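The structure presented is a predicted model; accordingly, all values stated were derived computationally and were not measured.
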Amino acid sequence: MQNKPYASFSTTDDHTGFDHVIIGSGMGAMTLGTWLAKAGKKVALFEQHYVPGGFTHSFKRKDGMKWDVGVHYMGNMQEGHGLRKLMDFLTNHELDWAYMGEVYDVVMIGKDRYEIPAGEENFRQQMKHYFPDDHQAIDDYLTLLKKTNKWGSAFFFEKSFEPFLSQTLGRLIRRAYAKYYRTTTLETLQTLTTNRRLIAVLCGQCGNYGLPPKESSFAAHAMVIGHFMEGGYYPHGGSEQIANRTLDTFRRLGGKTYINAPVSEIVTEKGKVTGIRIKGKFIPCRSVISNIGIKNTFGKLLDETARKRQAMSPNDTKPSSAHLCLYVGLDRSDEQLKLPKHNIWSYETEDYSADINSITEHNTANKFSYVSFPSAKDALWAEQHPNRSTIQAISVGRYEWYESYAEQPWRNRETAYQQKKEHFKNTMLEKLYELVPQIKGHVIYAEVSTPLSTRHFTDYQTGEIYGLAHTPKRFALPYLRPQTKIKGLKLVGQDITLVGVAGAMLSGMLCAIVILKFRVWKIFKDMNNPVG
C-alpha cells in the first residue's frame with residue numbers, strides 16, 4: 001500500500017471527466033466508490049476534513065498513542081460471513097480482524113455485573129443463568145430478533161427496487177416490517193416480560209444505536225443486537241486500517257480521493273444535477289452521491305427548488321445523540337495492567353431512559369459510561385507501542401451545553417469551555433478508577449472531545465454521531481433510500497440504512513445496485529479475487 005491513497009484538493013488541478021462524484025469519504029462513500037470503480041466508472045471522493053474515512057479514522061498524540069473515533073468494534077467479521085467477504089473485497093484481502101473473546105461486552109448496573117457472551121446459544125444460557133424465572137421470555141426474545149431481522153433484511157434490500165417493484169412488492173415488505181419498527185424497544189420487550197432488570201440487561205448495548213429503550217425503535221435494537229450476536233471483532237492496526245486499505249483498493253481501481261475539499265453546493269439545472277462546487281470551482285459530473293447525511297445534503301448544499309422536489313421536511317426526524325469522550329493514555333501495557341478486550345457499559349440504575357433523560361453536564365459520567373480498550377483489542381498494538389495502552393470513555397453530551405462556544409475557533413475556545421472539558425475529564429477519570437482501579441497512577445495523557453469537536457470534523461450541526469435518531473418514525477420516512485427525486489443525485493450513509501460501519505457498507509451496496517443494476521452481480525462473483 002502506498003503511503004497516502006489520497007491528495008489535497010487544489011483548484012488548479014484538473015477535475016473533469018468523472019462519471020460519479022461522491023461527497024464525503026465515510027464507509028458508505030468508500031463502499032460505493034470501490035464498487036463503481038471496480039465496474040470501470042471514473043469516480044472521485046471529496047472530503048472536507050484533512051483525514052479521509054469518516055468515523056473509521058483514528059488520531060494520534062504523543063508517544064504514538066492513538067484512539068479510534070467511531071469504530072470501537074464490529075460484528076459478523078468471522079471468516080465466511082457475507083459481511084466479512086464484503087470487507088475483504090473492500091480492503092483487498094489485506095486486513096485481518098482480531099476476535100475479542102468469548103465475552104465481548106459487560107453491562108454494569110450499579111455494582112451488578114452481566115457478561116454478554118458471543119454466540120446465540122451461549123447468550124441464551126447466560127441470560128437464563130442470570131434470570132432463572134424468565135426462560136420462556138428469553139427464548140421468545142431470541143425468536144423475535146430473528147423474525148424482525150429477517151423482515152429487516154428485506155426492508156433494506158427493498159430500498160434498491162425500481163419504482164414499480166417498490167410500489168407493489170415493496171409495499172408488502174414495508175407493511176410487514178412495520179409490525180416491528182413502529183413500536184419502541186421498551187414497548188416490545190414489555191410484551192415478553194415484566195422483569196425490569198432482564199429488560200435492562202437486554203438493552204445494555206443500547207448506546208450502539210444512540211437511544212434509550214423508551215425512545216428507540218425495536219427494529220434498530222434487533223438489527224444491532226443481531227449484528228453482534230456472534231461476538232465482537234477489531235481490525236489489526238486500528239480502525240484507520242479500514243479506511244487506509246479501502247481507499248488504497250479504490251486508488252488501484254482508478255478512483256481519486258481528495259481531502260480539504262469542502263463541497264459548498266450541489267449544482268442543479270431543471271431538476272438535474274450538473275456538478276458540485278468546491279472553493280468556488282465548478283466540477284462537472286454525470287451524477288453526485290452524498291454521504292454527509294440527509295440534513296446536510298438537503299439543508300445546506302441544495303437550493304430551495306431542489307429541496308421542494310424531494311418533499312422532505314426538516315422536522316420529520318430529530319438528530320441522534322451527541323457525546324463526550326475522554327481519551328486516556330497509560331504508561332503500562334494492557335498486559336501489565338490486565339486491561340480487558342471487552343467493552344463496559346455502565347449505568348447508574350436499570351431505568352436507562354430516566355437516567356439518560358436526567359443527565360446534566362455535571363453527572364453524565366456517573367449516569368452512563370461506555371468504556372472501550374482499543375489497544376487491548378488491537379493485535380498489533382503491543383509490538384508497535386510497548387509499555388503503553390489506551391482507553392476511551394464515552395458519555396452523553398448535549399450540544400446545548402456547548403452551543404454558546406460553537407463559533408469560537410477549534411482548539412482556541414475560551415476558558416469557560418476549557419473548564420467544562422476539565423470537569424468532564426475529572427469526573428470520568430473517577431468513574432474509570434471505579435471500573436478499572438488498576439489504572440490509577442498510570443494515566444499520562446487525557447484529552448476530551450465534545451459535541452463541538454464532532455461538529456468541527458463531520459459538519460453534523462448538533463454534533464450527532466449516528467445521523468438521524470433511530471426512532472420508530474425514522475423507519476417510515478419514504479425518502480431514506482439511495483434514489484432521490486432529483487435526477488442524478490443519490491444518497492449513501494447511515495441515514496439511508498442503519499447506524500454504524502455495517503449499516504454504511506449496506507447503504508453503499510444498495511446504491512451500487514441502483515446505479516449498476518445487474519452489472520453489480522458480476523462484481524459479487526469476483527469478490528474473492530484481489531485487486532492488482
Side-chain angles (χ1 to χ4, degrees), residues 28 31-32 35 76 81-83 86 140-192 209 211 215-227 229 294 309-313 316-317 467-487 489-500 502-521 524:
T31 301
L32 174 62
W35 278 81
N76 295 327
H81 192 279
L83 192 66
L86 174 55
D140 291 345
Y141 171 72
L142 290 170
T143 299
L144 183 59
L145 286 182
K146 289 181 179 178
K147 287 182 179 178
T148 304
N149 289 338
K150 180 179 179 181
W151 281 110
S153 297
F155 173 82
F156 288 116
F157 185 65
E158 186 276 331
K159 291 175 181 286
S160 67
F161 285 6
E162 293 290 343
F164 173 76
L165 196 58
S166 178
Q167 292 164 13
T168 52
L169 177 58
R171 187 187 302 251
L172 296 176
I173 292 171
R174 293 191 297 272
R175 186 178 300 164
Y177 194 47
K179 173 184 176 182
Y180 305 103
Y181 75 63
R182 66 189 172 197
T183 57
T184 68
T185 305
L186 181 60
E187 288 169 341
T188 299
L189 295 184
Q190 285 177 335
T191 67
L192 304 179
Y209 47 86
L211 281 179
E215 299 175 41
S216 61
S217 167
F218 179 72
H221 172 87
M223 275 288 183
V224 171
I225 298 303
H227 173 69
M229 186 58 73
I294 287 283
R309 185 179 293 272
Q310 183 67 11
M312 187 197 92
S313 168
D316 277 348
T317 58
L468 301 177
H470 288 67
T471 61
K473 187 174 183 179
R474 169 202 177 111
F475 288 84
L477 296 176
Y479 51 76
L480 296 186
R481 51 196 307 122
Q483 189 69 271
T484 73
K485 293 183 179 180
I486 301 168
K487 191 173 182 180
L489 176 63
K490 295 178 178 63
L491 307 169
V492 292
Q494 58 186 353
D495 280 359
I496 306 308
T497 47
L498 208 68
V499 62
M505 289 170 69
L506 173 60
S507 78
M509 284 290 303
L510 294 175
C511 197
I513 293 170
V514 168
I515 294 172
L516 298 174
K517 302 189 183 331
F518 292 109
R519 286 173 292 172
V520 81
W521 306 113
F524 263 119

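- Shortest non-hydrogen contact noted between K159 and L510 is CB-CD1, 4.2 Å.
- E158 and S166 share a donor-acceptor pair across their side chains, judged by distance under 3.5 Å alone.
- If you take OG on S160 and CD1 on I496, they are separated by 13.0 Å, rounding to the nearest 0.5 Å.
- For the atom pair L491 CG and T497 OG1, the distance stands at 11.0 Å (nearest 0.5 Å).
- Between T183 and T191, the closest side-chain pair of non-hydrogen atoms is not below 4.5 Å.
- Between V514 and P482 the shortest heavy-atom distance is CG2-CB, 4.1 Å.
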Next item on the list: For the pair I515 and L32, evaluate side-chain contact (heavy atoms from CB on, under 4.5 Å) and give the outcome as yes or no after the intermediate values.
Entry: CA-CA 10 Å; I515 294 172; L32 174 62; 4.3 Å; yes

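- For the pair K485 and R309, the tightest heavy-atom approach, listed with the atom from each and the gap, is O-CD, 3.2 Å.
- R175 places no side-chain N or O within 3.5 Å of a backbone atom of R171 that could act as its donor or acceptor partner.
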Note to self: Working note: M229 + L142, criterion side-chain contact (heavy atoms from CB on, under 4.5 Å); need CA distance, chi angles, decisive distance, verdict.
What the structure shows: CA-CA 10 Å; M229 186 58 73; L142 290 170; 3.8 Å; yes

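- Note that CD1 of I173 is 7.0 Å distant from CH2 of W151, once rounded to the nearest 0.5 Å.
- In this structure, L498 CG and L468 CG are separated by 11.5 Å, a value rounded to the nearest 0.5 Å.
- Separation of atoms CD (Q190) and OG1 (T188) is listed at 9.5 Å; rounding is to 0.5 Å.
- The two residues L516 and W35 make their nearest non-hydrogen contact at CD1-O, 4.0 Å.
- Ring-plane geometry between F475 and Y177 is classed as perpendicular, the angle between the planes exceeding 60 degrees on a 0 to 90 degree scale with a lower cut at 30.
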Next item on the list: Let me see the working for L145 and F218 under side-chain contact (heavy atoms from CB on, under 4.5 Å), right down to the final yes or no.
Entry: CA-CA 9 Å; L145 286 182; F218 179 72; 4.1 Å; yes

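- With hydrogens and angles ignored, the 3.5 Å screen pairs no side-chain donor or acceptor of S507 with any backbone N or O of V492.
- A heavy-atom distance below 4.5 Å is found between the side chains of I294 and L480.
- The minimum heavy-atom distance linking R174 with Y181 is given by the pair O-CE2, 4.0 Å.
- Judged as a side chain to side chain donor-acceptor pair (under 3.5 Å), and not counting sequence neighbours, the contacts of T185 are S216.
- Evaluation of the side chain to side chain donor-acceptor pair (under 3.5 Å) test over residues 508-519, restricted to residues two or more places apart or in two chains, returns E162-K517.
- With hydrogens and angles ignored, the 3.5 Å screen pairs no side-chain donor or acceptor of N76 with any backbone N or O of L83.
- Side-chain atoms of H227 do not come within 3.5 Å of backbone N or O of A502 as any donor-acceptor pair.
- The two residues G226 and N149 have their closest heavy-atom pair at CA-ND2, 3.9 Å.
- L86 contributes atom CG, which lies 3.5 Å from atom CE of M505 (distance to the nearest 0.5 angstrom).
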